[in-house]
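Whatever order the structure lists ligands and atoms in, that order sets their numbers, starting from 1. Atom set for the values below is all heavy atoms of this structure, side chains included, hydrogens, waters and symmetry mates excluded.
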Amino acid sequence: MHKKENLYYPSEEVKKNANINNEEVYNKGGEDPISFWEERANDIVWREKWKESFSHNPPYFSWFSGGKLNITESFLDANKESDKTAVLFLPEPEEEGEKKISYKELYKEVNRFANALKSAGVKKGDPVGIYMPMIPEAVVAMLACARIGAMHTVVFSAFSSSALRIRMQDTSAKVLITADGYYRGGRVNNLKESADEGVKETSIEKVVVANRVNNEVSLNEKDVWWSDFIKDQPDELEAQEMDSEDPMFILYTSGSTGKPKGVIHTCGGYAVQTKATAKMIFDMKEDDIFWSMADIGWITGHTYTVYAPLICGATMVLFEGVPNWPQADRWASIIDDYKVSIFYTAPTAIRMFKMQTKEVKNELSSLRILGSVGEPIDEVSWEWFFREVGKERCPVVDTWWQTETGGVLITSLPGVGPFRPTFTGRPLPGVKFDILDSEGNSVPANKEGDLVIMPPFTPGMLRGLYKNEEKYIKTYFTEHGESIFYTSDTAYKDDNGLVRIVGRADDVIKVAGHRLTTGELENAITKNESVAECAVAGIKDEIKGEVPVAFLVLKEEREKEELHEEIAEKLRKDIGPIALIKNIYIVSDIPKTRSGKMMRRVIKKLFTGEDLGDLSTLSNPESVEILKEAIKKDE
Ligand code: WTA
């Protein structure tokens with residue numbers, strides 16, 4: 001890599017080997033995005049070619065309609081005789097050693113489980129809950145759903161039983177796949193207990209339990225061990241034929257209100273986009289060992305931990321544990337020991353690695369590309385990642401995307417560049433984007449505005465929110481009209497056209513890269529009997545990027561420590577440990593607009609010392625001073 005002014009460019013060595021190393025693809029993608037994606041679509045296995053590449057009936061759109069396929073045929077059937085490792089499973093306890101699952105074995109395992117699901121009555125189009133840790137059975141479960149055309153709905157295993165219940169109630173799933181527990185940070189977690197709680201008051205009729213840690217679990221009437229469930233099931237099964245536009249999976253994410261929404265992705269477009277982006281952005285090739293640290297409970301875990309490496313015929317690393325446990329540099333040892341060639345992680349992890357391991361002693365010579373995702377990365381962390389991990393040899397792709405976009409849409413390509421720390425980069429070829437002011441005009445360089453995606457959008461973008469059409473329209477296709485997808489992110493471009501993400505314009509906060517909304521937290525907090533009113537805001541944190549704090553107006557006098565503990569417990573129970581609240585401030589009033597809307601923008605700025613801006617819309621401007629006092633008192 002070499003640097004010219006403030007930009008980095010790939011070396012000749014990187015360029016020589018890259019799938020893409022010149023501007024031509026950008027020109028093609030810019031001129032005619034539809035034919036650009038059509039070309040990419042020829043790279044996956046179709047049973048029948050599509051009839052219409054793109055069609056748009058605002059706010060709805062479709063890609064490759066009429067095409068028939070099953071995503072699993074592109075990698076399971078295609079490699080069913082192959083002994084190459086598909087899944088490299090690294091358990092948390094090191095003494096357990098790694099487990100390699102070849103493509104051939106994966107094909108059989110998936111078919112066995114898919115046959116069992118079918119025997120249990122699961123049909124094409126049915127939602128299936130997956131509440132599992134990072135173990136091979138989780139991957140098998142996801143792929144088995146895809147194989148029979150059932151919609152997997154993965155719920156992050158660190159989410160609480162209540163969070164699981166809300167999602168299962170919303171989908172009305174009949175089957176849940178879970179595990180007895182998992183290892184994490186030296187502890188054995190009892191996942192089955194949460195699952196038992198979570199399926200109460202839902203329509204779940206069957207719970208399949210994988211045995212991971214030999215936890216003592218009580219099997220209820222609905223429960224069946226994984227091993228019994230697949231017993232005598234054949235390891236052959238013809239994949240269910242799907243239409244390109246059939247839904248493939250649902251993934252719940254946090255939006256502007258307290259209730260999570262089920263983002264729907266479809267079969268054809270998602271498959272095409274996943275393969276195309278992996279080949280472009282990570283320069284993925286069949287001999288790569290790709291380690292994406294993201295948990296399967298998040299979109300990154302779906303697209304890049306699981307589907308991308310498989311659909312590219314590469315090897316995916318599936319790591320169960322915490323990357324800095326039991327040694328701070330376990331992540332670096334993993335890279336060396338297993339010759340990881342592409343490493344995809346998040347700024348929070350990078351900041352943690354940097355804090356704990358200033359100088360990385362490992363060689364890390366197998367690495368060729370580094371990636372970052374989920375939150376803005378600061379310059380110091382970017383430089384550290386580039387120097388200490390990539391040894392100034394590996395391009396760092398800072399990838400911008402969302403649960404809704406299904407795959408990365410903005411980042412500079414490793415063989416082309418340029419890279420500028422803290423800037424996510426250029427839109428991918430085939431992606432039309434813009435940055436607009438509130439009137440809908442494109443803003444000039446270096447001016448902030450709303451990041452939007454323009455038609456023809458991209459094949460892998462969401463097609464709806466489960467059972468919530470109104471919200472789909474309101475959230476994505478109202479702010480700038482029904483033909484422009486609004487991302488809810490604020491961004492600007494530099495003079496070279498590189499995009500910098502400033503942050504969310506809505507109530508979403510990113511805690512250690514995990515997407516939460518202030519509304520969800522407020523819902524849980526106001527259930528506390530002492531709390532009359534509450535406002536949650538994300539404030540800057542050295543390691544986690546952002547952490548939530550709460551301002552509370554109380555009905556009665558309470559001791560702060562005790563109340564904080566009560567609230568923390570409630571958040572753990574309603575959402576999970578990621579909703580850990582950093583601080584609470586007891587105040588007599590909270591800034592609100594005349595219409596009663598909480599002014600979070602103002603609250604956030606109280607911590608950064610920024611100018612508070614126009615306060616004339618507040619009905620109670622004096623409350624700002626009250627908050628200031630409370631923050632000062634606590635310092
Ligand atoms: C933020 C994660 C800065 C952004 C894949 C977006 C980023 C939200 C980046 C989506 C990045 C994602 N730089 N911010 N490279 N990538 N974001 O749905 O605010 O969990 O809207 O998807 O994360 O979060 P989600």
query = Within 45 degrees of the axis of the six-membered ring of Phe159 and under 6.0 Å from its centre: does Arg167 put its NZ or CZ there?
reply = yes
request  = Sort out the contact shell of ligand 1: every protein residue with a heavy-atom distance below 4.0 Å, listed by chain and number.
outcome  = Ile299, Thr300, Val373, Gly374, Glu375, Pro376, Asp398, Thr399, Trp400, Trp401, Gln402, Thr403, Asp489, Ile501, Arg504, Lys510, Arg515
inquiry  = How close do Ile177 and Met132 get, counting heavy atoms only, and between which atoms?
reply    = O-CG, 3.4 Å
query = Any idea which heavy atoms bring Val360 and Glu388 closest together, and the distance?
reply = N-OE1, 2.9 Å
ask   = Do any pairs count as a ring pair (Phe, Tyr, Trp, His ring centres under 6.0 Å) and have a residue in residues 424-455, sequence neighbours left out, and if so which ones?
value = none
query = Would Thr458 and Gln273 count as having a side-chain donor-acceptor pair, cut-off 3.5 Å?
reply = yes
message = Here's a test for you: under ring-ring contact (aromatic ring centres under 6.0 Å, His included), which of Phe249, Tyr466, Trp63 qualifies with His265?
response = Phe249
